[in-house]
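Order of listing sets the numbers, starting from 1, for every ligand and every atom in it.
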Amino acid sequence: MRRGIFGGTFNPIHFGHLRTAEEVRETCVLDSLLFIPSGNPPLKEADLADAGHRYAMVRRAVEANRHFSVSDIELLRTERSYTVTTLLELREKYPEDELFFILGMDAFLDIPNWWQPERLIRLVDFIVVARPGFDLADAVRFPFLEEGAAPPPPSFPSPLRLAGGRTAVFLPVTALDISSTAIRRLVREDRSIRYLVPEAVEEYIRSHGLYRG
Ligand code: ATP
């Protein structure tokens with residue numbers, strides 16, 4: 001089984017995430033796609049909804065798609081949560097599956113700042129999606145490319161080899177310039193977030209009074 005892993009804070013999940021996931025699933029012929037909302041950080045961060053709320057919103061957003069599901073693997077962790085730990089656990093849980101870690105170009109370029117990046121890039125293959133403001137050709141700035149790896153040609157998706165032998169493919173997806181930051185700001189300003197998030201998410205935010213200030 002080809003399983004996509006889509007991690008994020010999902011604070012809250014929005015149509016930029018969902019449409020990206022759908023296009024990745026189709027283009028990369030994934031059998032299923034697992035959304036993994038991050039848990040609560042040890043120190044409370046302003047504006048970050050509780051992990052239980054973020055998980056509940058993802059669950060509502062994906063329940064109508066039979067290929068999508070949500071995992072509580074990071075939610076239940078009490079210690080600091082790292083992507084490396086999550087991927088090691090998932091490899092154990094799904095030993096037969098091919099795992100693909102999906103992330104936006106902004107997040108991909110940030111990997112060098114994550115915990116144990118050189119280990120992380122050896123654990124799974126990557127699917128990197130374009131995001132407004134980030135050019136797929138920015139991939140050449142990634143410091144862990146295989147020695148001598150050619151820069152990605154203009155015709156994506158063509159995989160780049162990472163140090164250690166795993167690959168990263170780069171996908172143009174429908175550019176939806178939506179961010180969770182912008183949604184939180186709209187809620188704070190008491191403005192509409194309709195058509196930026198699924199109705200069930202909008203309703204959840206309203207009924208739980210999230211992001212009000
Ligand atoms: P915030 O604005 O709070 O930083 P965000 O909208 O970037 O949040 P995250 O939960 O941090 O959302 O993102 C999870 C993953 O989804 C990341 O890999 C990010 O690059 C990707 N992503 C988020 N929004 C989009 C979008 N509109 N199009 C494509 N990818 C996206």
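In this comparison of Thr181, Leu171, Asp110, Leu103, the heavy atom closest to atom 4 (O) of ligand 1 sits on Thr181.
In this structure, Met105 has no heavy atom closer than 4.0 Å to ligand 1. Heavy atoms of Gly7 approach ligand 1 to within less than 4.0 angstrom.
Below 3.5 Å of separation, one finds an N or O of Phe10 facing an N or O of ligand 1. Considering backbone and side-chain N/O of Ala107, none are found under 3.5 Å from N/O of ligand 1.
Using a 4.0 Å cut-off to heavy atoms of Arg184, the atoms of ligand 1 that qualify are 3 (O). Atoms of ligand 1 lying under 4.0 Å from any heavy atom of Gly8, numbered from 1 in the order shown and given with element: 10 (O), 14 (C). Of all atoms in ligand 1, listed by their number and element, those nearer than 4.0 Å to a heavy atom of Ile178 are 24 (N), 27 (N).
When all heavy atoms of Ala168 and Val128 are compared, the pair lying nearest together is CB-CG2, 4.5 Å. Closest approach of Arg122 and Arg166 over heavy atoms only: O-NE, 3.3 Å. Ala61 approaches Val201 most closely through the heavy-atom pair CB-CG2, 4.0 Å.
Relative ring orientation between His14 and His17 is described as parallel, the plane-to-plane angle staying below 30° on a 0-90° scale split at 30° and 60°. Ring geometry for Tyr204 versus His208: interplanar angle under 30°, hence parallel rather than tilted (30 to 60°).
The protein non-hydrogen atom at the shortest distance from atom 11 (O) of ligand 1 is Thr9 OG1, 3.5 Å. Taking atom 17 (C) of ligand 1 as the reference point, the nearest protein heavy-atom neighbour is Gly104 N, 3.9 Å. Of the protein's non-hydrogen atoms, Thr20 OG1, 3.3 Å is the one closest to atom 29 (C) of ligand 1. The protein heavy-atom contact nearest to atom 20 (O) of ligand 1 is Asp106 OD1, 2.6 Å. The single protein non-hydrogen atom nearest to atom 27 (N) of ligand 1 is Leu176 O, 2.8 Å, given as residue, atom name and distance. For atom 7 (O) of ligand 1, the nearest protein heavy atom (residue, atom name, distance) is Arg131 NH1, 2.8 Å. Among protein heavy atoms, the minimum distance from atom 6 (O) of ligand 1 is reached at Ser180 N, 2.8 Å. Nearest non-hydrogen protein atom to atom 9 (P) of ligand 1 is His17 NE2, 3.6 Å.
Side-chain contact check for Glu74 and Thr86: at least one donor-acceptor pair (N or O, by modelled atom type) lies under 3.5 Å. Checking Arg25 against Ser32 by side-chain atom types alone, no donor-acceptor pair falls below 3.5 Å.
Panel note: side chain Arg194, backbone Glu199; no donor-acceptor pair is recorded below 3.5 Å.
With sequence neighbours excluded, no residue forms a side-chain hydrogen bond (donor to acceptor under 3.5 Å, both in side chains) with Trp115.
For Phe35 and Phe68, the distance between ring centers is under 6.0 angstrom. For Phe108 and Phe170, the ring centers are positioned less than 6.0 Å apart.
With a 4.0 Å heavy-atom cut-off, ligand 1 is reached by the side chain of Phe6 but not by its N, CA, C or O.
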